[in-house]
Amino acid sequence: MLDKNYDPKEIEARRYPEWESAGAFRADPGSAKPPYCIVIPPPNVTGSLHMGHALDNTLQDVLIRWRRMKGDDALWQPGTDHAGIATQMVVVRNLEQEGIGLAVEGAGKTDANKKLLTREEFLEKVWEWKAFSGGTITGQLRRLGASCDWSRERFTMDEGLSKAVLKVFVDLYKAGLIYKDLRLVNWDPKMLTAISDLEVESREVKGSLWYFKYPIEGASDEFIVVATTRPETMLGDTGIAVHPDDPKWKHLIGKHAVLPLVGRRIRIVADEYSDPEKGSGAVKITPAHDFNDFEVGRRHDLEAINIFDKFACVNDSAPEKYRGLDRFDARKKIVAEMEELGLVEKIEPHTHAVPYGDRGGVPVEPYLTEQWYADAKKLAQGPIEAARDGRVKFVPERGRDEFFRWMENIQPWCVSRQLWWGHQIPAWYGPDKKVFVELTEEEANAAALKHYGKEVALERDPDVLDTWFSSALWPFSTLGWPDKTPELAKYYPTSVLVTGWDILFFWVARMMMMGMHFVKEVPFRTVYLHGLVTDEKGQKMSKSKGNVIDPLELIDKYGADALRFTMTSLAASQAGRLRLAPARVEGSRNFATKLWNATRYAEMNGAALPKGFDPAGAKLTVNKWMLGELARANATIDRALADFRLNEASSALYEFIWGIVCDWYVELTKPILQGADGPDKDETRAVTAFVLRETVKLLHPVMPFITEELWDKLGHRAEHGALIGQPWPLPAALDPAADAEMGWLVKLISEIRSARAELNVPAGAKLKMLVVGGDGTTAKRLGTHRAAIERLARIDGIEAAPAAPKGALQIVVGEATYALPVTDVIDLKAEGARLQKEIKKLADEVGKIDAKLGNAAFVSRAPEEVVEEQRERRNQADQTRARLSTALERLGA
RNA sequence: GGGCGCGUAGCUCAGCGGUAGAGCACUGUCUUGACAUGGCAGGGGUCACAGGUUCAAUCCCUGUCGCGCCCA
């Protein structure tokens with residue numbers, strides 16, 4: 001006998017290891033089953049599970065478990081990401097607590113006695129950290145119920161994947177698709193590395209717009225006014241741009257200004273980049289520290305003077321008094337000095353977007369350095385075509401437009417990072433800086449020998465690759481590429497990629513590039529994109545806001561199934577954010593309890609499946625109807641999952657299990673199960689058991705734990721093995737006659753209940769029911785369902801009568817009127833009002849439909865079925881209205 | 001500035017050409033031999049606003065206003 005309450009904790013802890021050790025998550029490339037593969041978006045190896053993971057992985061697991069049951073050879077490829085910058089940051093922070101730093105340039109500046117780690121020593125520490133915390137996230141995914149094939153777990157820095165990374169780099173280099181270039185990058189002065197455009201987030205900052213007067217050369221009292229949000233960059237100004245048609249400044253084009261504080265002579269150029277409407281209309285040009293200025297500078301051959309070092313402190317290119325100042329201190333000093341010189345025209349408050357490094361959290365500095373770039377434009381061509389011709393689909397479809405928008409305007413991808421943790425770039429430099437890009441040091445040496453004609457000492461490039469570089473290979477590197485493995489042959493292209501909108505560009509786009517280039521095929525057939533989980537107010541969850549909801553806490557409190565069900569229900573939202581109200585998780589937990597208790601009820605009533613039971617042979621209407629509803633639910637759920645409408649699947653499950661099985665089927669069949677033994681009871685016990693058995697299958701992808709447990713408790717495990725490996729139920733045929741009859745029954749019972757409640761008839765009072773005007777079909781139905789009606793509507797005795805007695809409660813269903821005489825006098829006024837309300841509602845409906853049908857355009861233009869349906873509805877409503885009117889008259893009689 | 005999404009019950013959200021729905025909250029009632037993490041019944045909505053298309057618009061189109069995201 002089942003306990004009264006479902007205890008997720010105990011069951012989850014037991015079931016998961018059972019599945020895993022039985023190999024239930026294992027894919028089998030040797031099997032003849034069709035492949036279905038999802039590669040997990042690899043979480044940071046040292047991270048922990050947050051709500052976004054809970055959502056993303058629930059959706060993946062629902063799909064994987066469903067396809068596994070549908071008969072596919074399902075592979076959910078798991079693994080973790082080394083997360084270069086994020087992990088390095090964490091380890092550095094940990095080391096700082098112990099007073100240890102990194103032996104990088106400038107590290108001893110503040111504390112000469114600080115212990116400094118070499119690159120090798122530091123990497124050892126990172127690997128230690130990985131070993132220590134690396135199992136956290138995968139353990140948490142297990143708690144969620146994720147059915148990944150853990151026997152195939154990979155890590156972006158394991159041997160095989162590192163091999164793939166090197167090969168990709170070398171091949172792309174040799175194909176001219178990776179190159180070294182000197183250009184502006186987004187420099188993070190805190191992390192001391194270049195970062196890609198995508199790692200920059202702009203924040204609205206309240207700052208100022210300074211209007212500086214630059215004297216015109218040879219005209220002591222003439223000035224050109226430039227407006228800037230970054231006064232400190234003036235140390236690097238090498239020009240001024242004005243719009244060619246700007247009447248205010250046009251006359252100065254070609255002349256020179258003298259840069260205050262520095263004394264440099266700078267040219268005034270005409271360029272459409274400057275907007276006469278903005279600021280002063282003249283723009284100071286700092287090619288080395290602004291992306292737009294860089295372009296302007298290139299157009300007009302202006303010098304790019306780098307005025308900062310890598311810490312964003314002023315360097316030796318600036319006048320001595322500014323050297324060594326931090327960029328913000330330099331700003332203060334420069335503004336103060338300009339003011340002293342009377343060269344500040346005005347200062348306006350100004351809100352503008354400032355680029356911040358998403359990891360370091362400080363403003364990034366456009367910085368002129370040599371970095372490695374991938375030719376994203378060329379690599380994007382294959383993906384663009386694949387998205388255009390439908391080889392890859394997006395759900396929702398607008399993902400495709402977003403994808404194009406990005407891919408068609410793509411910039412060179414800066415792939416080098418000045419970090420230690422990551423894949424070190426396989427490039428070696430000779431004494432003359434000649435670069436040799438090879439898979440190994442030996443090959444580089446060989447190439448150098450060939451080039452120089454003698455052995456020379458090579459120095460390896462210290463930089464590592466952007467983390468997203470290895471992530472971009474994930475769909476094929478995890479399957480064994482560059483080796484020709486059976487996995488690669490069978491599972492690539494993978495079936496679907498499930499991820500958030502936020503990494504469409506970071507990751508999805510780059511996987512497309514690398515997959516198309518190296519495997520000549522899309523990495524996945526469908527990209528299923530979902531929103532960002534926020535708190536219930538729509539605020540992004542963050543530690544600083546203190547509004548973080550921990551999925552593990554929800555699992556502890558309500559169970560993994562409840563969290564999963566909630567996540568699945570949330571998945572639909574077309575909005576970019578999914579607001580999570582914790583009350584929903586509680587509701588999902590209640591749903592689990594409901595199913596648990598329905599099963600408990602079935603068990604108590606001897607529900608069992610006889611050997612060789614054939615549901616098609618059911619004879620009782622209620623059972624035929626129930627089986628039809630099961631088939632309907634199956635079809636709805638199956639269709640919804642196939643179309644990635646996971647929320648529809650979960651609401652169909654909820655409605656079916658709670659609304660149909662528990663609210664109606666169980667209640668309607670109680671008189672049978674609790675009545676005398678016989679064929680009806682046997683059949684109902686069998687159908688109850690059958691429906692529950694199929695139900696746990698349908699629910700399993702969303703709520704795997706409770707369903708596996710119930711499957712076992714219902715006794716199916718002994719015979720068929722674990723639920724996770726069961727085939728998905730085949731849909732059965734519907735029985736329209738049973739449907740109609742049960743529809744009538746449900747309506748009758750509901751109407752009686754409603755009338756009783758409105759008239760305040762005590763819930764315990766049993767009333768006699770007199771049937772007036774029922775035809776043969778109704779009489780037959782009443783006979784069939786007498787016990788159910790008596791029980792559910794609290795009726796004691798059903799009889800035919802020529803007319804309703806005085807002072808009875810009356811309802812109309814179909815062609816019959818049902819009178820319920822109340823022992824005590826009922827409140828005639830209240831009953832009259834109730835009937836009048838019903839009559840009015842129906843009369844209004846009839847009126848509305850009449851107006852429609854009276855409209856010649858409607859009758860002639862609307863489809864015939866629609867018109868017919870309206871007529872039908874009108875007549876039904878009108879007949880019921882007429883009967884209720886009669887009932888109202890009798891009431892007063 | 002450009003692009004996109006969202007404004008539906010008190011709250012969180014489905015629905016997206018022809019009867020406005022769910023969960024939570026709320027009201028009344030019921031310890032009925034599965035379940036009070038429950039049953040039964042009920043109240044609550046000019047589907048943001050204004051035009052347009054259509055026989056018919058919450059749904060399609062245009063604009064306005066609010067909110068959010070992405071890209072500059």
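Reminder, nothing fancy here: chain letters follow the sequence lines and each chain counts from 1.
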Novice: Hey, is the side chain of A:Glu751 pairing donor to acceptor with the base of B:rA41 inside 3.5 Å?
Specialist: no
Novice: Looking only at side-chain atoms of A:Glu667, point me to the closest of B:rA34, B:rG38, B:rG18.
Specialist: B:rA34
Novice: What about A:Arg589: does its side chain form a donor-acceptor pair under 3.5 Å with the base of B:rU37?
Specialist: yes
Novice: Are OP1 or OP2 of B:rU37 and a side-chain N or O of A:Lys557 less than 4.0 angstrom apart?
Specialist: no
Novice: Once you apply a heavy-atom cut-off of 4.0 Å, does A:Pro762 come out as touching a base, just sugar-phosphate, or nothing?
Specialist: nothing
Novice: Ignoring hydrogens and angles, answer whether the base of B:rU32 and the side-chain atoms of A:Arg791 contain a donor-acceptor pair closer than 3.5 Å.
Specialist: no
Novice: To the nearest 0.5 angstrom, please state how far the CG atom of A:Leu504 sits from the CH2 atom of A:Trp406.
Specialist: 10.0 Å
Novice: Give a yes-or-no answer on whether the side chains of A:Ser196 and A:Glu199 include a donor-acceptor pair shorter than 3.5 Å.
Specialist: yes
Novice: With a 4.0 Å cutoff (strictly under), does any side-chain N or O of A:Trp406 reach OP1 or OP2 of B:rA72?
Specialist: no
Novice: Give a yes/no on whether any side-chain N or O of A:Gln411 is located under 4.0 angstrom from OP1 or OP2 of B:rC71.
Specialist: no
Novice: With no angle test and no hydrogens, is the base of B:rC35 tied to the side chain of A:Lys594 by a donor-acceptor pair under 3.5 Å?
Specialist: yes
Novice: Output the single nucleotide from B:rC71, B:rA34, B:rU32 whose closest atom is nearest the side chain of A:Arg405.
Specialist: B:rC71
Novice: Name the one of A:Lys840, A:Lys848, A:Lys841 that satisfies side-chain hydrogen bond (donor to acceptor under 3.5 Å, both in side chains) with A:Asp844?
Specialist: A:Lys840
Novice: How would you label the contact of A:Ser754 with the nucleic acid (heavy atoms, under 4.0 Å): base, sugar-phosphate, or nothing?
Specialist: sugar-phosphate
Novice: Looking only at side-chain N and O atoms, does A:Lys670 come under 4.0 Å of OP1 or OP2 in B:rA34?
Specialist: yes
Novice: Within the structure, does a side-chain N or O atom of A:Arg794 lie under 4.0 Å from either OP1 or OP2 of B:rU32?
Specialist: no
Novice: Nearest to the A:Arg398 side chain among B:rU29, B:rC35, B:rG5, which nucleotide is it?
Specialist: B:rG5
Novice: Regarding A:Thr684 and A:Asn623, is there a side-chain donor-to-acceptor distance under 3.5 Å anywhere?
Specialist: yes
